[in-house]
Amino acid sequence: MKLVEVIKTPMTSQKTFESLLDFSRALGKHPVACKDTPGFIVNRLLVPYLMEVVRLCERGEASKEDIDTAMKLGAGYPMGPFELLDYVGLDTTKFILDGWHEMDSKNPLFQPCPSLNKLVAEKKFGKKSGEGFYKYK
């Protein structure tokens, strides 16, 4: 992966921050800057998106297969969101969501997701367990 998220906290000096940016570039990476916020940039946007995808399916508004196809063909994503969830691991995603919910329980983006919770309780973690939203051999 070419991306490095360089996080600047209130305790990070400008010199240290700039050194981290330079070090990342020296490694052939593309650094982006972000303040210390849950999930930083990528996961802060990705996890709520993935949970909305699951909720869309829970509400019966579209099937997981149609959602995956729509995002691959319509948005140019290399894999659909349900495929991505299974790839990342449903247990990993639940762990992240649970932590954010505990930190900010009123945030609608961080609310628990019944389908995800059910699959994880059934030990269906995705590709690594052989089943998640899809079955794998």
Side-chain angles (χ1 to χ4, degrees):
M1 178 179 276
K2 291 280 187 187
L3 177 71
V4 174
E5 292 180 286
V6 181
I7 312 310
K8 186 169 188 195
T9 72
M11 297 172 287
T12 307
S13 73
Q14 189 61 30
K15 182 179 179 186
T16 298
F17 181 71
E18 289 172 13
S19 294
L20 288 168
L21 293 173
D22 291 341
F23 179 69
S24 298
R25 288 185 197 101
L27 294 174
K29 306 291 185 176
H30 188 102
V32 295
C34 182
K35 289 184 179 179
D36 191 11
T37 185
F40 310 127
I41 297 171
V42 173
N43 285 324
R44 180 60 183 264
L45 296 171
L46 181 62
V47 172
Y49 154 73
L50 292 172
M51 292 305 91
E52 179 55 22
V53 163
V54 175
R55 291 180 183 110
L56 184 73
C57 192
E58 285 176 345
R59 292 188 301 263
E61 295 168 353
S63 70
K64 65 181 181 281
E65 296 82 5
D66 284 346
I67 292 168
D68 278 351
T69 299
M71 294 310 293
K72 287 188 285 189
L73 299 179
Y77 288 8
M79 69 175 69
F82 285 99
E83 294 167 324
L84 181 57
L85 279 160
D86 278 351
Y87 180 79
V88 168
L90 304 184
D91 53 333
T92 301
T93 305
K94 180 182 175 344
F95 179 80
I96 293 166
L97 188 63
D98 288 349
W100 291 358
H101 178 70
E102 186 176 314
M103 187 176 39
D104 185 2
S105 62
K106 295 197 185 323
N107 190 326
L109 298 175
F110 302 161
Q111 296 308 303
C113 191
S115 296
L116 180 68
N117 291 344
K118 180 179 185 299
L119 288 168
V120 171
E122 294 169 353
K123 307 281 190 235
K124 296 176 182 175
F125 303 140
K127 283 193 147 192
K128 63 183 163 187
S129 68
E131 185 175 354
F133 285 104
Y134 295 108
K135 291 186 180 189
Y136 303 89
K137 293 185 179 194

Trace of the salt bridge (charged side-chain N to carboxylate O under 4.0 Å, His left out) decision for R59 with E52: CA-CA 10 Å; R59 292 188 301 263; E52 179 55 22; 2.8 Å; yes
Electrostatic pair K94-D91, nearest N-O below 4.0 angstrom: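 Answer for the salt bridge query: no.
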Are the side chains of [X] and [Y] in touch, meaning some heavy atoms are under 4.5 Å apart?
{"X": "P31", "Y": "L20", "answer": "no"}
{"X": "K123", "Y": "S129", "answer": "no"}
{"X": "E5", "Y": "N43", "answer": "no"}
{"X": "K118", "Y": "K124", "answer": "no"}

CG on L27 to NZ on K2, rounded to 0.5 Å: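 So the gap between those two atoms works out to 10.5 Å.
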Reported CG-to-CD distance for the pair N117 and E122, which is rounded to 0.5 angstrom: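 Rounded to the nearest 0.5 Å, the CG-CD separation comes out at 11.0 Å.
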Closest non-hydrogen atom pair, [X] against [Y]:
{"X": "L97", "Y": "Q111", "answer": "CD2-O, 3.5 Å"}
{"X": "F82", "Y": "D68", "answer": "N-OD1, 2.8 Å"}
{"X": "C57", "Y": "K64", "answer": "SG-N, 3.8 Å"}
{"X": "A33", "Y": "I41", "answer": "O-CD1, 3.7 Å"}
{"X": "Y87", "Y": "K127", "answer": "CD1-CD, 4.3 Å"}
{"X": "E58", "Y": "C113", "answer": "OE2-SG, 3.6 Å"}

Are [Y] and [X] linked, directly or through intermediate hydrophobic residues, by side-chain heavy-atom contacts shorter than 4.5 Å (ILVMFWY only)?
{"X": "L3", "Y": "L45", "value": "yes"}
{"X": "L116", "Y": "M79", "value": "yes"}
{"X": "V120", "Y": "Y136", "value": "yes"}
{"X": "L56", "Y": "M71", "value": "yes"}
{"X": "L109", "Y": "L84", "value": "yes"}

Verdict with reasoning, L85 to F133, per side-chain contact (heavy atoms from CB on, under 4.5 Å): CA-CA 8 Å; L85 279 160; F133 285 104; 3.9 Å; yes
Worked check of side-chain hydrogen bond (donor to acceptor under 3.5 Å, both in side chains) between S19 and T16: CA-CA 5 Å; S19 294; T16 298; 6.0 Å; no
Expected output: side-chain H101 to main-chain F110 donor-acceptor under 3.5 Å: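 Checked: pair present.
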D86 side chain vs Y134 backbone, donor-acceptor pair below 3.5 Å: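 Yes; at least one donor-acceptor contact below 3.5 Å.
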Within 6.0 Å of CD in E61, more than 12 heavy atoms from elsewhere: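 Buried by this count: over 12 neighbours within 6.0 Å.
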Heavy-atom neighbours of M103 CE exceed 12 at 6.0 Å: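 Enclosed.
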side-chain contact (heavy atoms from CB on, under 4.5 Å) evaluation trace for V42 with M1: CA-CA 13 Å; V42 173; M1 178 179 276; over 6 Å; no
Parallel, tilted or perpendicular, as decided by the 30° and 60° cut-offs, for the rings of Y49 and Y77: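 Perpendicular, since the angle between the ring planes exceeds 60°.
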D36/T12 under side-chain contact (heavy atoms from CB on, under 4.5 Å): CA gap, chis, key distance, verdict: CA-CA 10 Å; D36 191 11; T12 307; over 6 Å; no
Derivation of the side-chain contact (heavy atoms from CB on, under 4.5 Å) call for E131 and L119: CA-CA 9 Å; E131 185 175 354; L119 288 168; 5.8 Å; no
